[in-house]
Protein chains: 2
Amino acid sequence: MTVDPRSHTPVYVQVADFLRTRIESGELAPGESLPSEARLTQEYGIGREAVRMAISTLRSEGLVSTVRGHGTRVRSTPERHQMELPAGSSVVARMPTGRERTELQLDEGVPILEIRHRTGKTEVKPGDPIELTRPGEDKP
Amino acid sequence: MTVDPRSHTPVYVQVADFLRTRIESGELAPGESLPSEARLTQEYGIGREAVRMAISTLRSEGLVSTVRGHGTRVRSTPERHQMELPAGSSVVARMPTGRERTELQLDEGVPILEIRHRTGKTEVKPGDPIELTRPGEDKP
DNA sequence: CCCCATTTGTCCGTATGTATC
DNA sequence: CGATACATACGGACAAATGGG
């Protein structure tokens, strides 16, 4: 559980991997706060920069969300609702622009779905809570 | 076009926004190099940290790609090829973990498509070059 | 309202490593 | 080879936001 400064893998990657494991295992549950930066520097015996880079990595993966003056919390995976991809349409997943992120109020590390309808209209939706489906063809 | 340290929005966000605008407007074309970190600290009169975080943000958005010892370049939008979403399957877009990014050899800021097939098997593909389609239902 | 402790944001100095040209 | 540029990592310092009393 400790960090090896002489390893060829950077310290901040080691810490990011470790925290990710704690998140994915549920030890750090959604909504829960990560230890503060100061706490993490002590726990792992490393500098603050390495800690911040580790957390930054997790942010860009959409796993956590940081608020200045408050801390970093595990993002709760929103209820995924299913949505049918309309016939004759197509979809592309990409990261939002700054404007899109503001308008859709998205955290860092959340991709969007750009759906092109048969009509030619394109629709942009947060990719986080959406599971796109295509029904099977076993209709009566 | 300068930075306001007293603004409630962090400096690195302001710089990221500004650079993003320059990229989206085409002033910084695909393949073109951004100014070096040292250059940007001078231009905006800010610290390394803010510059590096700004560039890190753009990387996590898939807008630029950094090569050590060389610099940061604007990424060119990849050729998109179409792929049909199989009947009875579903798909979720999310950011890859560090491990997945290494295995798939993805740049930062590239989402992945997690496709769940009718059989139950799940398949992971880079979301960047893929346009998922569902054909229209105009069969005889 | 203010005060205060906590926490993240930002800057600076320094150092070493590594990749590119 | 050297010059340049980014990556990683530590230390210290102060600013600014948050939340509780």
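Convention: sequence-line order gives letters A, B, ...; per-chain numbering from 1.
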Asker: Mind checking whether A:M53 and B:Y12 sit in one hydrophobic cluster, side chains of I, L, V, M, F, W, Y counted as touching below 4.5 Å?
Answerer: no
Asker: Got a second to check how far B:E61's CD is from B:R75's CZ, nearest 0.5 Å?
Answerer: 12.0 Å
Asker: Rounded to whole angstroms, how far apart are CD on A:Q42 and P on D:dG11?
Answerer: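 Spelled out: CD on A:Q42 to P on D:dG11 is 12 Å.
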Asker: Sequence neighbours excluded, which residues qualify as side-chain contact (heavy atoms from CB on, under 4.5 Å) partners of A:V15?
Answerer: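 So A:V15 forms a side-chain contact (heavy atoms from CB on, under 4.5 Å) with A:V3, A:V11, A:L19, A:Y44, A:I46, A:A54.
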Asker: Atom NE2 of A:H8 and atom C1' of D:dA9: how far apart are they, to the nearest Å?
Answerer: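 A:H8 atom NE2 is separated from D:dA9 atom C1' by 18 Å.
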Asker: Let me know which of A:L113, A:T133, A:I115 forms a side chain to side chain contact (heavy atoms under 4.5 Å, CB included) with A:L85.
Answerer: A:I115
Asker: How many Å lie between CZ on A:R73 and P on D:dG19, as a whole number?
Answerer: 8 Å
Asker: Strictly distance-based, threshold 3.5 Å: is any side-chain N or O of A:S89 a donor or acceptor partner for the main-chain N or O of A:P86?
Answerer: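 The answer is yes, because a donor-acceptor pair under 3.5 Å joins these two groups.
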Asker: Any chance you could list the contact pattern along nucleotides 7-13 of chain C? Use B for base contacts, S for sugar-phosphate-only contacts and - for none, protein heavy atoms under 4.0 Å, 5' to 3'.
Answerer: BBBBBBB
